[in-house]
Enquirer: 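My questions all concern the structure below.
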Amino acid sequence: MTPPQDRRFEPRSAANTRAVVVGPGLELACLIVDHSQTGLRLRLDRNLSLPGQVQVIDITRGVAIESEVVWRKGQEAGLKLRGESSLRGLVPSRLAAARAAFLRAGGR
């Protein structure tokens, strides 16, 4: 029996970083399990459905990662990266909810 093929185009690095997923009507703690140049794998605190577009707040780095949810399996989700913005200092209005969630999670 041959092992399943890995469909990733970029190498992944382990992360285990605290984060928060923010979307319309959603703010959920999670863990960034691993990441690559083009994507993230998250482990959610609860098994909730996610909207197609979310922002992932990396609390340690103080950034909002704009992402598209491409797969879900139980409490894990795979995301494709769309962009990244700092949450320190002034932020555009589209990141206001992400900055508020960052501050509530203990970010500085």
Side-chain angles (χ1 to χ4, degrees):
M1 180 184 267
T2 60
Q5 273 191 323
D6 190 350
R7 295 182 298 174
R8 297 177 185 147
F9 296 109
E10 301 280 338
R12 293 221 173 224
S13 301
N16 291 320
T17 303
R18 272 185 349 123
V20 178
V21 177
V22 176
L26 173 74
E27 186 175 314
L28 180 64
C30 67
L31 187 68
I32 300 173
V33 177
D34 61 36
H35 62 89
S36 72
Q37 289 275 352
T38 58
L40 297 171
R41 181 166 53 117
L42 302 180
R43 184 166 299 125
L44 305 172
D45 274 0
R46 286 181 259 145
N47 193 7
L48 294 176
S49 66
L50 296 175
Q53 305 288 322
V54 295
Q55 295 170 333
V56 178
I57 294 102
D58 182 329
I59 297 165
T60 305
R61 294 178 43 226
V63 296
I65 305 163
E66 296 179 76
S67 310
E68 176 185 345
V69 178
V70 292
W71 61 265
R72 281 289 313 266
K73 185 174 182 181
Q75 288 183 257
E76 290 198 341
L79 285 72
K80 183 175 184 177
L81 304 182
R82 295 290 183 207
E84 184 173 296
S85 302
S86 175
L87 293 173
R88 292 184 166 88
L90 295 175
V91 298
S93 61
R94 67 181 167 72
L95 296 176
R99 178 157 167 75
F102 170 66
L103 294 174
R104 279 191 295 277
R108 298 187 186 270

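All values reported here derive from a predicted model rather than from experimental measurement. Along the sequence shown, residues are numbered consecutively beginning with 1.
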Enquirer: CD1 of I59 to CD1 of I57: how many Å apart, nearest 0.5 Å?
Expert: 7.5 Å
Enquirer: Would you say V22 and I65 are hydrophobically clustered, going by side-chain heavy atoms of ILVMFWY under 4.5 Å?
Expert: no
Enquirer: According to a hydrophobic-cluster definition based on side-chain heavy atoms being under 4.5 Å apart (Ile, Leu, Val, Met, Phe, Trp, Tyr only), do L95 and V21 belong together?
Expert: no
Enquirer: Quick check: closest heavy atoms across S86 and V63, and the distance to 0.1 Å?
Expert: CA-CG1, 4.2 Å
Enquirer: L50, W71: one ILVMFWY side-chain cluster at the under-4.5 Å cut-off?
Expert: no
Enquirer: To the nearest 0.5 Å, tell me how far R46 CZ sits from S49 OG.
Expert: 12.0 Å
Enquirer: Are the side chains of S85 and Q55 in contact, using a 4.5 Å heavy-atom criterion?
Expert: no
Enquirer: What pair of heavy atoms forms the shortest contact from A19 to D58, and how long is it?
Expert: CB-CA, 4.5 Å
Enquirer: Can you list the steps and then say if E27 with V20 is a side-chain contact (heavy atoms from CB on, under 4.5 Å)?
Expert: CA-CA 7 Å; E27 186 175 314; V20 178; 3.7 Å; yes
Enquirer: Say whether V69 and L26 are linked into one hydrophobic cluster, either directly or through other cluster members, by side-chain heavy-atom distances under 4.5 angstrom.
Expert: yes
Enquirer: Pick one: which of T17, V33, V56 meets side chain to side chain contact (heavy atoms under 4.5 Å, CB included) with L40?
Expert: V56
Enquirer: Please name the pair of heavy atoms, one in S67 and one in L79, separated by the smallest distance, quoted to 0.1 Å.
Expert: CB-CD2, 3.3 Å
Enquirer: Specify the closest pair of heavy atoms between Q75 and D45, including all atoms of both residues, with the distance to one decimal.
Expert: NE2-O, 3.0 Å
Enquirer: Would you please say whether a donor-acceptor pair under 3.5 Å links the side chains of R43 and N16?
Expert: no
Enquirer: Got L44 and E76 here, is their nearest side-chain heavy-atom distance under 4.5 Å?
Expert: no
Enquirer: At their closest point, which heavy atom of L81 faces which heavy atom of S36, and how far apart are they?
Expert: CD1-O, 4.0 Å
Enquirer: Nearest 0.5 angstrom please: R18 CZ to L31 CG, how far?
Expert: 10.0 Å
Enquirer: Indicate the atoms forming the closest heavy-atom contact of N47 with G74, along with that distance.
Expert: OD1-O, 2.9 Å
Enquirer: Please answer whether the main-chain N or O of D34 pairs with a side-chain N or O of R41 as donor and acceptor at a distance below 3.5 Å.
Expert: no
Enquirer: Can you tell me how far CZ of R61 sits from CZ of F102, rounded to the nearest 0.5 angstrom?
Expert: 11.0 Å
Enquirer: Is L42 linked to L48 within one hydrophobic cluster, defined over Ile, Leu, Val, Met, Phe, Trp and Tyr using a side-chain heavy-atom separation of less than 4.5 Å?
Expert: yes
